[in-house]
Number of protein chains: 2
Amino acid sequence: MAATNAPTVENTTPRRGRGRPRNSESYRAILEAAAELLATGGFETLTIDAVAAKVRCSKATIYRRWTSKLRLAIDALAELPDPPLPDRGSVRADLRELLGGMIEIFNDTPAVAVMQSLIGERARNPELASLLDEAFQKRRDGLCEVLQRAIGRGELPAHTDVELTMDLLVGPLLTRLFCTGAPITADLIDALVESALVGCGAASS
Amino acid sequence: MAATNAPTVENTTPRRGRGRPRNSESYRAILEAAAELLATGGFETLTIDAVAAKVRCSKATIYRRWTSKLRLAIDALAELPDPPLPDRGSVRADLRELLGGMIEIFNDTPAVAVMQSLIGERARNPELASLLDEAFQKRRDGLCEVLQRAIGRGELPAHTDVELTMDLLVGPLLTRLFCTGAPITADLIDALVESALVGCGAASS
DNA sequence: CCCGAAATACGGTACTCACCGTACCTGAAA
DNA sequence: TTTCAGGTACGGTGAGTACCGTATTTCGGG
């Protein structure tokens, strides 16, 4: 809670207490190993044993820092790259670029598999839902920013439901990635952007 | 392939071969037990051992009919109810009712948890993706029907992209259910329907 | 038409395997 | 000497397999 970034669980040196201090490098090393395992083989290869072997530590060392594999996976998810935040001056262009960047990440990284797996665990572990909500929300920050700027510029009406608009943009993508397997093309992105803009009453330029 | 319904795997009596025929009741009994386990405790309580105990058969009897737990789960998913197909004469009313029915099922059955779990397994088992695509597609048949009828009545333009429209309607719902945990209200459904109708250029009535 | 052989399903049990998570012991830092 | 990190070994669960003895069917030969 006191460290620079506060992850799922207390960070490396909780309160500098009495006994032997934790190895200060282990936290990052474990997290990076977990992210790397995710990146190479998806969620299925992310096992605590594999992380421990990679870091050359024991499982206990991991479980002292993360209470469960899922917590570790959530933090590792945050290590995956985010699409760059565009700023082209128009919502339409920004949204196209941002969604395009998302698709690139979906193609180039195991982000989809990771998200799918985490969703699957969400069903089994409701106590985890809020953590996941937060993690997913964070991955939409860029999108939120683009929309807010558009409202600030007057491109979108002030009463725009940002949450709904984001869902209209991202929801169909996730549906195709997770459920139907339908292809995601540039044309689809264009159509989504148009539909969303029209839906919230943007001035058609 | 020759039976009335052809599930994931060959049905009860494949070709009436040499040996002892399979118990014709086991197939349904296993499937119903699996569906019931899903309905009571979600995906996590669906274990092959539990199904076997419920049906009073051996695991081998199950594995003789389904090659894996996942195949069984997919077929059990199809046992969950579908929302009733509305026919009120207008797309707007039909869509509202249909989506409302979906939400009811999401609230009253473990459908969400089941879908989440299956999505999670999709990441781990790409060979399964096409089967899942099919199963999810089937659960959108009603929606497709409503849209097609609207096109037939001229309420929607003939060039409407039905697939895209379905994604625009369902995608945001799934996003909230699976990722953000945001609430799903009647207002949201109304907004989705309006957005989708405007998006595909329906005559605003 | 009858009988044996081959083929296949059945229940049951025990097993392997993988993996999560924990108990316990050892040793280092304060 | 106390406190806590690290390592090892273990328990537990659940998927999927192997195998046994038995039951039930088809087929081929008498």
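Lettering follows sequence order; numbering is per chain, from 1.
Counting only heavy atoms from C-beta outward, the side chains of A:Leu38 and A:Glu79 never approach each other to under 4.5 Å. Inter-residue side-chain proximity for B:Phe136 and B:Met115 is flagged as met; some heavy-atom pair is nearer than 4.5 Å.
With sequence neighbours excluded, the residues forming a side chain to side chain contact (heavy atoms under 4.5 Å, CB included) with B:Ile151 are B:Gln148, B:Leu156, B:Thr160, B:Val162, listed by chain and number. Looking at residues two or more places apart in sequence or on another chain, you find a side-chain hydrogen bond (donor to acceptor under 3.5 Å, both in side chains) between A:Arg88 and A:Glu97. Checked against side-chain hydrogen bond (donor to acceptor under 3.5 Å, both in side chains), A:Thr61 has the following partners two or more places apart in sequence or in another chain: A:Ser58. With sequence neighbours excluded, no residue satisfies side chain to side chain contact (heavy atoms under 4.5 Å, CB included) with B:Glu134. B:Leu80 pairs by the side chain to side chain contact (heavy atoms under 4.5 Å, CB included) definition with B:Leu77, B:Ala111, B:Val114, B:Arg139, not counting sequence neighbours.
Considering only side-chain N and O atoms, B:Arg22 lies nowhere under 4.0 angstrom from the phosphate OP1 or OP2 of C:dA7. Close to D:dG7, at under 4.0 Å from its OP1 or OP2, lies a side-chain N or O of A:Thr61.
One interatomic measurement links the two molecules: CD of B:Glu121 to P of D:dG14, which rounds to 14 Å at whole-angstrom precision. B:Arg65 places its CZ atom 17 Å from the P atom of D:dG16, with the value rounded to the nearest Å. Atom-to-atom, CH2 of A:Trp66 to C1' of C:dT22 comes out at 19 Å; the value is rounded to the nearest Å. Between the CZ atom of A:Arg71 and the C1' atom of C:dC20 there is a distance of 15 Å, rounded to whole Å. Computed from coordinates, the A:Glu25 CD to D:dG6 P distance equals 11 Å when rounded to whole Å. Atom CD1 of B:Ile62 is separated from atom P of D:dG14 by 14 Å (rounded to the nearest Å). Following rounding to the nearest Å, A:Tyr63 (OH) and D:dC4 (P) show an atom-to-atom distance of 22 Å. At whole-Å resolution of the value, CZ in A:Arg56 and P in D:dT8 are 12 Å apart.
Each of A:Ser68 and B:Ser26 was assigned the nucleotide of DNA chain C with the nearest heavy atom; the assignment lying further toward the 5' end belongs to B:Ser26.
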- Item | Per-nucleotide protein contact string for nucleotides 19-24 of chain D, where B marks a base within reach and S marks sugar-phosphate only (heavy atoms under 4.0 Å, - for neither) | ----BB
Could you give the side-chain donor-acceptor pairs of residues 163-178 of chain B under 3.5 Å, partners two or more places apart or in another chain?
{"from": "B:Glu163", "atom 1": "OE2", "to": "B:Arg140", "atom 2": "NH2", "distance (Å)": "3.0"}
{"from": "B:Thr165", "atom 1": "OG1", "to": "B:Asp161", "atom 2": "O", "distance (Å)": "2.8"}
{"from": "B:Asp167", "atom 1": "OD1", "to": "B:Arg140", "atom 2": "NH1", "distance (Å)": "2.9"}
{"from": "B:Asp167", "atom 1": "OD1", "to": "B:Arg140", "atom 2": "NH2", "distance (Å)": "3.2"}
{"from": "B:Asp167", "atom 1": "OD2", "to": "A:Arg176", "atom 2": "NE", "distance (Å)": "2.6"}
{"from": "B:Asp167", "atom 1": "OD2", "to": "A:Arg176", "atom 2": "NH2", "distance (Å)": "3.1"}
{"from": "B:Thr175", "atom 1": "OG1", "to": "B:Gly171", "atom 2": "O", "distance (Å)": "2.9"}
{"from": "B:Arg176", "atom 1": "NE", "to": "A:Asp167", "atom 2": "OD2", "distance (Å)": "2.5"}
{"from": "B:Arg176", "atom 1": "NH1", "to": "B:Pro183", "atom 2": "O", "distance (Å)": "2.9"}
{"from": "B:Arg176", "atom 1": "NH2", "to": "A:Asp167", "atom 2": "OD2", "distance (Å)": "3.1"}

Using distance only, find each side-chain donor-acceptor pair of residues 48-56 of chain B under 3.5 Å and give its atom names and separation, not counting sequence neighbours.
none

Restricting to nitrogen or oxygen on both sides, can you table the protein-nucleotides 15-19 of chain C pairs closer than 3.5 Å?
none

